[in-house]
Protein chains: 2
Amino acid sequence: MRYAKGHKESTRERIVQAASRRFRQDGAEGVGVAALMAEAGLTHGGFYSHFDSKEALLRAAVEDSMTQTLDELTRLAKRYGDDVTALARGYLHHQHRDHPESGCAAAALAPELARHAPDTRAVFTVRLQALFKLIEARLPPTLPAAQRRERSMAIFAALMGSLQLARAVDDAALSERILQGGIHAATILALK
Amino acid sequence: MRYAKGHKESTRERIVQAASRRFRQDGAEGVGVAALMAEAGLTHGGFYSHFDSKEALLRAAVEDSMTQTLDELTRLAKRYGDDVTALARGYLHHQHRDHPESGCAAAALAPELARHAPDTRAVFTVRLQALFKLIEARLPPTLPAAQRRERSMAIFAALMGSLQLARAVDDAALSERILQGGIHAATILALK
DNA sequence: CATCTAATATGATGATCGTCATTTCATTGC
DNA sequence: GCAATGAAATGACGATCATCATATTAGATG
């Protein structure tokens, strides 16, 4: 091999990370292969020696960004009270709302992913279930086990939905209230 | 005037309704002007005598589809108990999950709308607030007025998020549990 | 230092994108 | 039935899309 071993691997990683950001920012259909490669400091030509298709890159990017989201949420929770309210406060923060490119992949891409290849959705599903578990672990142990799981799903759905609405709305004050409403709701859903 | 009066208006309406469906099905970037016009039984050429741009059509389509969603939810609620649980059951039904093209525009387009023109987001915002009011009117009057509004936002966010996740996931059983979790959560959030 | 080859760049493919100028056609008023 | 006119069709614009064949170049190996 002529290039240092691991060179191609690290280049691939750079492409995935660039894609991971841009897909969240502009949507999977909102950015082309050429722009993605340029963001990684390359030209578009070499793309297909790294990935079979744009869809394959999306799959890798979903895996990367969902893992990032998982790590970030874990970090956030640990930093503050390590309960659902802490998670909600971190998730529904202005900074998260204003920076989708480094934020939750589910919030940025969920409706689009529903229209993508089964492989891509499968990757998403696995990571999403890890997110559910993250919340579930912070629900009161008094809740029946069967309910804990469904409750964690609903809490995440509420957080994700609130973030999306806060981003879509054209009214700063309303956006703020949506975030607050989401935090309160998550707290309520984490009780009883 | 050479064509029957109202002819152009009804054609425009046909285009909006075709767009209203296709945008929800394939996303705003997932379908082109030519396909939209074809769906309305026309060719692409005449498009710009009806709309200034594709964005203008999106704005009209968002207004149309959000209004449809509002009407449908009102109808659904009235049909069954006329409470939040009835709304949730209707919203998180399999039929809704499996037919985004005739379903909630917010669930189909929210993340994408965040990236669109202020005018488009303003139209969305107005209709979204009507959706909030629809839920708010079905919350127990014992709740403090200030909380009612935020609560209604969170309930809708939870419904919308649950629907999106149920659509994105590649696991039928999980999809089902997400829908159930959303219904239960909405019911809990409508109490106390 | 020269050679070899993997990694990237160049450049082109046909398709589709949004947009628009121009032409054709349908319908109504005379 | 003819002329006037508004609506829709034709066809093209340059840009960008995903994809790929070919050329170049970087850098470790001998």
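Keep in mind that the numbers below use all heavy atoms, side chains included, and drop hydrogens, waters and symmetry copies. We name chains A, B, ... by the order of the sequence lines, and we start the count at 1 in each one. Just so we're clear, the structure is a prediction, and the values are computed from it rather than from any experiment.
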Please give, in whole Å, the distance from [N] [atom2] to [X] [atom1]?
| X | N | atom1 | atom2 | answer |
| --- | --- | --- | --- | --- |
| A:Glu9 | C:dT8 | CD | P | 11 Å |
| A:Phe51 | C:dA7 | CZ | P | 14 Å |
| B:Met37 | C:dC20 | CE | P | 14 Å |

Going 5' to 3' along nucleotides 13-22 of chain D, which nucleotides have protein heavy atoms under 4.0 Å from the base (write B), which only from the sugar-phosphate (write S), and which from neither (write -)? ----SSBB--
Show the nearest heavy-atom pair for residues [X] and [Y], with the distance to one decimal.
| X | Y | result |
| --- | --- | --- |
| A:Asp170 | B:Thr125 | N-OG1, 2.9 Å |
| A:Leu76 | A:Tyr91 | CD1-N, 4.3 Å |
| B:Leu36 | B:Ala18 | O-CB, 4.1 Å |

C:dA7 phosphate, OP1 or OP2, under 4.0 Å from A:Thr11 side-chain N/O: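 So the side-chain polar atoms of A:Thr11 never come under 4.0 Å of the phosphate oxygens OP1 or OP2 of C:dA7.
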Would you say A:His50 reaches C:dT8's phosphate, i.e. side-chain N/O to OP1/OP2 under 4.0 Å?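 Yes, such a contact exists.
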Could you spell out the base pairing of DNA chain C in dot-bracket, with Watson-Crick or G-U pairs whose two distances are under 3.5 Å, [ ] crossing and | to another strand? ||||||||||||.||||.||||||||||||
I'd like to check the side chain to side chain donor-acceptor pair (under 3.5 Å) partners of B:Glu150; sequence neighbours left out, ordered by chain and number.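 In terms of side chain to side chain donor-acceptor pair (under 3.5 Å), with neighbours along the sequence ignored, B:Glu150 is linked to A:His184.
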Pick base, sugar-phosphate or nothing for A:Thr43, based on heavy-atom distances below 4.0 Å to the nucleic acid.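 Base contact.
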Is the number of heavy atoms from other residues, nucleotides or ligands under 6.0 Å of B:Arg89 CZ greater than 12?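 No, because the 6.0 Å sphere around CZ of B:Arg89 holds 12 heavy atoms or fewer from other groups.
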Step through the shown structure and confirm whether more than 12 heavy atoms of other residues, nucleotides or ligands are within 6.0 Å of CG on A:Asp71. yes
Basic-acidic side-chain contact under 4.0 Å: A:Arg115, B:Asp26: no
Is there a donor in the side chain of B:Ser152 and an acceptor in the side chain of B:Arg148, or the other way round, less than 3.5 Å apart?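 Distance-only check fails for B:Ser152 and B:Arg148.
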